[in-house]
There are 2 protein chains.
Amino acid sequence: MSVVTSKYLTIYNTLVEQIKNGAIPPQSLLPSEHELTDQFQTSRETIRKALNLLSQNGYIQKVRGKGSIVIDITKFDFPVSGLVSFKELADKMESKPKTNVHELSLIIKPDHFIRQQLQLTAKDQVWKVIRTREIGGNKIILDKDFLNKKYVPSLTEEICENSIYEYLENELNLNISFAKKEIVVEEPTSEDRELLNLEGFHNVVVIKSYVFLEDASLFQYTESRHRPDKFRFVDFARRKH
Amino acid sequence: MSVVTSKYLTIYNTLVEQIKNGAIPPQSLLPSEHELTDQFQTSRETIRKALNLLSQNGYIQKVRGKGSIVIDITKFDFPVSGLVSFKELADKMESKPKTNVHELSLIIKPDHFIRQQLQLTAKDQVWKVIRTREIGGNKIILDKDFLNKKYVPSLTEEICENSIYEYLENELNLNISFAKKEIVVEEPTSEDRELLNLEGFHNVVVIKSYVFLEDASLFQYTESRHRPDKFRFVDFARRKH
DNA sequence: AAGTGGTCTAGACCACGTG
DNA sequence: ACGTGGTCTAGACCACTTG
């Protein structure tokens, strides 16, 4: 946890700030890479690292022979990319979020589905956590988590009521590095109907996540089942050429 | 359109091939950057460009002080990232896809919603295209496209029946460079009920896309409205640290 | 201590767009 | 012809992991 950061990241953050506050207006060109090299007293490759980050995150569009065009982000009220999280939802609705733990158990013999999803060996045991997320008195998300016990020796109801991730990262020093997600729409199960306030909705949006640790080992499978009216996903896709 | 490609891309493609066919097995370490520098007779920065691409596309996980771990992709039958396209859907169902053009019109005075979505000036005109996509006799996708006429002088029903994108790229030399997408679930409109075979489904998945050209100008807004059972989206998210 | 990836440099040549 | 971004090089030092 150091405060120091790399040179290209500080340049990136500086430019993001200037784009966000309008100092560099939309549709205009950024200074050329050569000029930025002078401005920031650094090498061109370092500038290019910063600009590539800007491009990947949707702030600029690089055009060969022309320059880097600032994309008009003001027209988009939504975040750059990703699932709109439970916390953001709660903030927007100005309501205190609440988490209910319905089940916390250690599965000694996981069934075929879970064994397959988590790529388990015969003797691996699995934590099963079932929680609902509540906003404004409505249970709108059902989270079903399955965690390989190999990486998580113990788990309590209190941890589940707060944030499992914080516990993993701060207490166990497990670092989540990436996840693969699949989004589909399904019919509600009887479990969905029982635990969620579906209020007449006939579908749920299901986000299936496979979560990996820093060493690329798969340790968690999660199904996050959302009431469809509270679901929103944002994607930013650069075209492959 | 040259066949030549950059050195780091050929290295990337070589490594992807070796990972896919198992020559470099999952969970194993890639040769170190130094070794790869020798193998491919190039500089380390070039190797690193190739490895960064592998990392971004979910093939490896780089760990400082340790090496690059090959991620087990065989366990995922789904593509690396993105919306599962109409064409892929049709292929999977072994069915001929069909496109029906329901409306093709030039809007002289766009309404407020479209003016806002496309950031139009007072005199901009807009092409409106409404199409359905049909697989196995079922109309499962309703596409509503709005294109700024400034960039697309003419448009015919025949073009819309095939691919508008191919027309734009091959005939008009317009290059689509990136898109921002938003995914939400909505109640079907009367238009959805009329044009799609909803078969009792009570929701539609709506993908709202803002499509930009190479020079970062916004030229198209599209709503792609899917029957929920035929919708699937895959995301690969590297964790920001 | 040795090996790994992360950052950074100061050059070089090339491909592309504009005047 | 000139300026732009795209690629590539041969070094250097640092931070981290492992023996």
Side-chain angles (χ1 to χ4, degrees), chain A residues 1-13 15 28-56 59-71 173-175 177-178 213-217 238-241, chain B residues 1-13 15 28-56 59-71 173-175 177-178 213-217 238-241:
Chain A
M1 293 293 117
S2 64
V3 191
V4 299
T5 180
S6 56
K7 194 180 280 192
Y8 79 90
L9 270 181
T10 62
I11 295 173
Y12 165 78
N13 287 324
L15 292 174
S28 72
L29 289 175
L30 237 53
S32 74
E33 298 183 350
H34 178 68
E35 285 176 292
L36 290 171
T37 301
D38 284 353
Q39 276 185 35
F40 288 98
Q41 281 297 304
T42 183
S43 71
R44 190 171 155 226
E45 286 290 353
T46 300
I47 293 295
R48 283 178 55 72
K49 264 195 194 171
L51 294 193
N52 284 335
L53 251 192
L54 286 170
S55 169
Q56 279 167 31
Y59 289 104
I60 64 170
Q61 170 72 2
K62 306 182 89 180
V63 182
R64 194 207 299 246
K66 209 169 167 192
S68 295
I69 305 165
V70 178
I71 295 173
N173 281 319
L174 287 179
N175 285 314
S177 71
F178 62 98
L213 298 176
E214 266 189 341
D215 66 349
S217 54
R238 204 150 279 284
R239 188 159 166 81
K240 38 190 174 241
H241 42 246
Chain B
M1 298 294 114
S2 62
V3 190
V4 299
T5 181
S6 57
K7 196 179 281 194
Y8 79 90
L9 270 180
T10 61
I11 294 172
Y12 166 78
N13 287 324
L15 292 174
S28 72
L29 288 174
L30 237 53
S32 74
E33 297 182 349
H34 178 68
E35 285 176 292
L36 290 171
T37 300
D38 284 353
Q39 276 186 35
F40 289 98
Q41 281 297 304
T42 181
S43 70
R44 190 172 155 226
E45 287 290 355
T46 300
I47 292 293
R48 284 177 56 71
K49 263 195 196 171
L51 294 193
N52 283 335
L53 251 192
L54 286 170
S55 170
Q56 281 167 29
Y59 289 104
I60 64 170
Q61 170 73 0
K62 305 183 90 180
V63 182
R64 196 208 298 249
K66 213 169 165 192
S68 296
I69 305 166
V70 178
I71 295 174
N173 281 316
L174 288 179
N175 285 313
S177 71
F178 62 97
L213 298 177
E214 265 187 342
D215 65 350
S217 54
R238 204 149 279 282
R239 188 160 165 83
K240 40 192 172 235
H241 42 245

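No hydrogens, no waters, no symmetry mates; every other heavy atom, side chains included, goes into these values. We name chains A, B, ... by the order of the sequence lines, and we start the count at 1 in each one. Just so it is clear, the model here is predicted, and its values are computed rather than measured.
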Selection from dG6(C), dG5(D), dA10(D) that lies nearest to any side-chain heavy atom of Arg48(A): dG5(D)
Phosphate contact (dG3(C) OP1 or OP2) by Ser32(B) side-chain N/O below 4.0 Å: no
Nearest non-hydrogen partners of Ile71(B) and Ala216(A), listed with the distance: CG1-CB, 4.1 Å
Interface with DNA chain C, restricted to residues 61-70 of chain A and to heavy atoms under 4.0 Å: Arg64(A), Gly65(A)
Closest approach of Ile47(B) to Phe40(B) (non-hydrogen atoms, all atoms of both residues): CD1-CD1, 4.1 Å
Heavy-atom closest contact (Ile69(B) atom, Leu29(B) atom, distance): CG1-CD2, 3.7 Å
Shortest non-hydrogen contact between Tyr8(B) and Thr46(B), atoms and distance: CB-O, 3.7 Å
Atom-to-atom span, CD of Glu33(A) to C1' of dT9(C) - whole angstrom: 15 Å
Considering all heavy atoms, the nearest Val63(B)-Glu214(A) contact: CG2-O, 3.4 Å
Spacing between Tyr8(B) atom OH and dT9(D) atom P, to the nearest angstrom: 13 Å
Nearest-Å distance for atom pair CG/P, residues Leu36(A) and dG5(D): 8 Å
Atom-to-atom span, NE2 of His34(B) to C1' of dG6(C) - whole angstrom: 17 Å
Pairwise 5' ranking along DNA chain C for Ser43(A) and Arg44(B), keeping only the more 5' one: Arg44(B)
Closest approach of Ile11(A) to Ala50(A) (non-hydrogen atoms, all atoms of both residues): CG2-CB, 3.8 Å
Spacing between Lys7(A) atom NZ and dC14(D) atom P, to the nearest angstrom: 14 Å
For atom CD of Glu45(A) and atom P of dC8(D), their distance in whole Å: 11 Å
Thr46(A) side-chain N/O to dT9(C) phosphate OP1/OP2 under 4.0 Å: yes
Distance in angstrom units between Asn52(A) CG and dG5(D) C1', rounded: 10 Å
Interatomic distance where CD belongs to Glu214(A) and P belongs to dT18(D) [whole Å]: 11 Å
Donor-acceptor contact present, side-chain Ser55(A) to main-chain Leu51(A), <3.5 Å: no
